[in-house]
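The structure under discussion appears below in the form of structure tokens.
Only a predicted model underlies this, so the values are computations on that prediction, with no experimental measurement involved. Whatever order the structure lists ligands and atoms in, that order sets their numbers, starting from 1. For reference, positions follow the sequence shown, starting with 1.
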Amino acid sequence: MIRHGFAILLLTALTQVGGIAWLLALLTRSFGRFFVLFLAFYTALSVGAHFAAPMAGRTALPCLDAGPTQVAVLNPLYCALNRNYVTSAMKTHADAVASHMHEQFPGTRTRALDASFPLLDGFPLLPHLTHDDGQKLDLALYWDDAAGTYQLARAKSIIGYWGFAVPRAGETQSCADETGLSLRWDLDWLQPYLRDWTLNEARTGAALRWLANNPTGTDYKLFIEPYLAKRLGVQSEHVRFQGCKAARHDDHIHVEFRP
Ligand SMILES: [Zn+2]
């Protein structure tokens, strides 16, 4: 029973509807194989949530490439986990930065990481405590391979997160001596397994500059590590530091505003 309780909590935290699918599979398991039932319920609930999302004021970001003027998710896994929902105002804003990037660097793709779940304001998308209403979106940074060639629609890590830009000599990483309970994960053990890529500074700087120069809605905020904002030469009242207890922001740019 504890095992099922844990699975329900974990799946709810990861996918919003997964815990309900698990529970329904448990209740109906005399009718078939548990995992087949779970997958069937999960798929049905995810599709249902997709169609119900507009009632919660949310729309899905594309799961696959939709051309250079639309922000799609970096990895279809974000769609499989129902983590690709934003308000239509956020989608418009994200597509505007993608279009700008395509104008500046033709063909460039702008990619999203975690957005929000499809339903219910106030339901956080763990581990992000604030992604709970479709008004927050994490955008991937832009990357070059080891030879310095821009990598279309790809990032240092396959999910975008945890493949960090890392400070250069002379740059200071904030919170380097942070201790205690924190969501600021460095994941040092993972770094040797990631791609040996470097930040595409021209593209990442252009995207951050456009975002900073085009505030929209109210309470417009962009989070990125301070050393990166400085390196990219972007200063703005909208570019903030998220603090030492939140996730590192040298693998993505967090965008948020209220319409
Ligand atoms: Zn975020």
Side-chain angles (χ1 to χ4, degrees), residues 13-16 56-61 71-75 77-79 81-98 110-143 155-165 173-175 178 182-187 199 204 207-208 210-212 214-229 232 234 236-259:
L14 274 177
T15 70
Q16 193 169 50
R58 297 183 208 171
T59 185
L61 294 174
V71 171
V73 293
L74 180 80
N75 188 317
L77 183 68
Y78 289 106
C79 289
L81 300 178
N82 304 313
R83 300 170 78 97
N84 60 318
Y85 289 85
V86 288
T87 59
S88 52
M90 180 60 87
K91 177 161 175 26
T92 302
H93 192 58
D95 288 346
V97 68
T110 300
R111 289 293 186 244
L113 308 181
D114 271 334
S116 288
F117 286 132
L119 304 171
L120 301 176
D121 281 354
F123 193 110
L125 180 105
L126 293 175
H128 317 265
L129 300 177
T130 66
H131 285 230
D132 62 356
D133 56 5
Q135 295 176 144
K136 286 90 182 180
L137 178 64
D138 290 347
L139 292 175
L141 306 183
Y142 303 80
W143 296 90
K156 186 173 176 179
S157 100
I158 57 166
I159 59 163
Y161 293 111
W162 308 330
F164 302 113
Q173 177 68 280
S174 306
C175 318
E178 176 66 14
S182 158
L183 289 172
R184 195 181 166 83
W185 302 330
D186 289 327
L187 292 140
L199 189 68
T204 305
L208 184 64
W210 187 92
L211 288 165
N214 289 276
T216 184
T218 57
D219 206 14
Y220 185 78
K221 286 184 213 153
L222 305 168
F223 292 157
I224 190 165
E225 288 298 315
Y227 81 85
L228 270 186
L232 300 171
V234 181
S236 156
E237 59 173 311
H238 302 295
V239 177
R240 316 259 183 96
F241 176 49
Q242 74 284 351
C244 288
K245 296 291 180 198
R248 274 176 70 164
H249 283 68
D250 44 2
D251 53 356
H252 70 278
I253 302 169
H254 168 97
V255 183
E256 74 171 79
F257 62 87
R258 280 173 241 287

Is it true that Gln135 and Asp219 share a donor-acceptor pair across their side chains at a distance under 3.5 Å? no
So what's near the Zn ion (ligand 1), protein N, O or S atoms under 2.8 Å? His131 NE2, Asp138 OD1, His254 ND1
Can you list everything that forms a salt bridge (charged side-chain N to carboxylate O under 4.0 Å, His left out) with Arg240? Sequence neighbours excluded, please. none
Taking it one step at a time, do Thr216 and Met90 satisfy side chain to side chain contact (heavy atoms under 4.5 Å, CB included)? CA-CA 9 Å; Thr216 184; Met90 180 60 87; over 6 Å; no
Apply salt bridge (charged side-chain N to carboxylate O under 4.0 Å, His left out) to Lys136 and list each qualifying residue two or more places apart in sequence or on a separate chain. Asp132, Asp133
Using 30° and 60° as the class limits, which term best fits the ring planes of His254 and Phe223: parallel, tilted or perpendicular? parallel
My understanding is that only residues two or more places apart in sequence, or in another chain, count here; which of them pass ring pair (Phe, Tyr, Trp, His ring centres under 6.0 Å) with Phe117? Phe123
